[in-house]
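Notes for the one structure printed next.
Residue numbers start from 1 in every chain, and the chains themselves are labelled A, B, ... in the order their sequence lines are given, proteins ahead of strands. These numbers come from the heavy atoms of this one structure, side chains and all, not from hydrogens, waters or symmetry mates.
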There are 2 protein chains.
Amino acid sequence: MTRTMASIGTKWKPIIIYTIGKRTIRFGQIYALMGIISKKVLTEQLKELVEDGIISREKFDELPPRVEYTLTPKGIDLLRILNMLTIWNDKHNPEPAQK
Amino acid sequence: MTRTMASIGTKWKPIIIYTIGKRTIRFGQIYALMGIISKKVLTEQLKELVEDGIISREKFDELPPRVEYTLTPKGIDLLRILNMLTIWNDKHNPEPAQK
DNA sequence: CGGGATCCGTTTCGATACTG
DNA sequence: CAGTATCGAAACGGATCCCG
């Protein structure tokens with residue numbers, strides 16, 4: 001359990017996994033969609049997620065460079081659980097409308 | 001989602017929830033069972049979990065004082081999801097036996 | 001016993017500038 | 001475009017002491 005949390009129990013990783021979702025997506029898109037994270041941190045977290053086998057990274061030798069990220073089967077399994085968390089949240093939170 | 005993670009996406013909270021489980025438990029027991037966490041941090045995290053409605057706190061005016069914690073229905077729902085995370089982990093991790 | 005208050009080292013984060 | 005390098009700020013976590 002403690003180890004499990006090390007892979008995903010962080011501020012950013014669940015959000016990154018959620019943002020990638022069931023598609024192939026480029027670095028810049030993740031960066032743009034998340035809006036608030038810095039490139040440095042995003043890069044670090046992505047690297048760790050790759051090491052943990054949750055996402056895969058494919059680099060194309062083009063100019064300008066292109067790098068695509070995709071959830072692995074392990075990552076998709078995890079995404080399912082994260083989806084349950086949002087359901088859990090919706091169920092128990094009064095939904096503050098705005099703000 | 002970002003908000004959801006704020007409630008549980010931390011190093012300790014999931015472990016605390018997991019430790020409490022489906023029982024009423026005293027502060028000292030949680031502290032002893034977790035072993036490694038400091039009292040200060042445990043106190044802080046418990047307080048936040050109470051604020052998030054995940055656990056409830058009951059204080060008895062005795063001497064020495066006694067404080068009991070229990071998962072709320074919301075917390076029990078969350079525990080179910082955390083259990084799925086450990087299943088996910090067992091499924092995808094080769095189980096390094098020792099170390 | 002269950003904290004609160006302090007102090008302080010470690011880790012994490014973000015802004016900015018730079019590169020192939 | 002997708003990073004890397006550097007730096008300083010901020011959050012986090014632990015140790016210790018105190019208190020009702």
Provide, to the nearest angstrom, the distance between the [atom1] atom belonging to [X] and the [atom2] atom belonging to [N].
X        : N       : atom1 : atom2 : result
Tyr31(A) : dT4(D)  : OH    : C1'   : 14 Å
Asp61(B) : dC1(C)  : CG    : P     : 17 Å
Met34(A) : dC13(C) : CE    : P     : 11 Å
Lys47(B) : dG3(C)  : NZ    : P     : 9 Å
Glu48(A) : dC13(C) : CD    : P     : 9 Å
Phe27(B) : dG2(C)  : CZ    : P     : 7 Å
Arg57(B) : dG4(C)  : CZ    : C1'   : 12 Å

Does a side-chain N or O of [X] approach OP1 or OP2 of [N] to a distance below 4.0 Å, or not?
X        : N       : result
Arg26(B) : dG2(C)  : yes
Arg66(A) : dG20(C) : no
Tyr69(B) : dG3(C)  : yes

- Contacts of Asp77(A) that satisfy side-chain contact (heavy atoms from CB on, under 4.5 Å) - sequence neighbours left out: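 For Asp77(A) the side-chain contact (heavy atoms from CB on, under 4.5 Å) partners, ignoring immediate neighbours, are Arg80(A), Trp88(B), Lys91(B), His92(B).
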- Message: To the closest 0.5 Å, what do you measure between CD1 (Ile20(B)) and CD1 (Ile54(B))?
- Response: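 Here the interatomic distance stands at 10.0 Å.
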- Item | Ion pair check, Lys13(B) and Glu48(B), cut-off under 4.0 Å |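 Glu48(B) and Lys13(B): salt-bridged.
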- Query: Minimum heavy-atom separation for Asn83(B) to Thr86(B), with atom names?
  - Reply: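 Shortest heavy-atom contact: O-OG1, 2.7 Å.
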- Query: Shortest non-hydrogen contact from Ile17(B) to Gly75(B)?
  - Reply: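 Heavy-atom minimum between the residues: CG2-O, 4.4 Å.
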- Hey, what bend do you get for the helix from dC1(C)-dG20(D) to dG20(C)-dC1(D) if you fit axes on five pairs at each end, rounded to 10°?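 Overall, the helix from dC1(C)-dG20(D) to dG20(C)-dC1(D) bends by 50° from one end axis to the other.
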- Would you mind telling me which of dT4(D), dG3(C), dA2(D) lies closest to the side-chain atoms of Thr43(A)?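 Among the listed nucleotides, the one closest to the side chain of Thr43(A) is dT4(D).
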- Where along nucleotides 9-20 of chain D does protein come under 4.0 Å, by heavy atom, of base (B) or sugar-phosphate alone (S), with - for untouched nucleotides? ----BBB----B
- Task: Count the heavy atoms of every other residue, nucleotide or ligand shown that sit under 6.0 Å from CE of Met34(A), and state whether that count exceeds 12.
- Result: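 Yes, the 6.0 Å shell around CE holds more than 12 heavy atoms from other groups.
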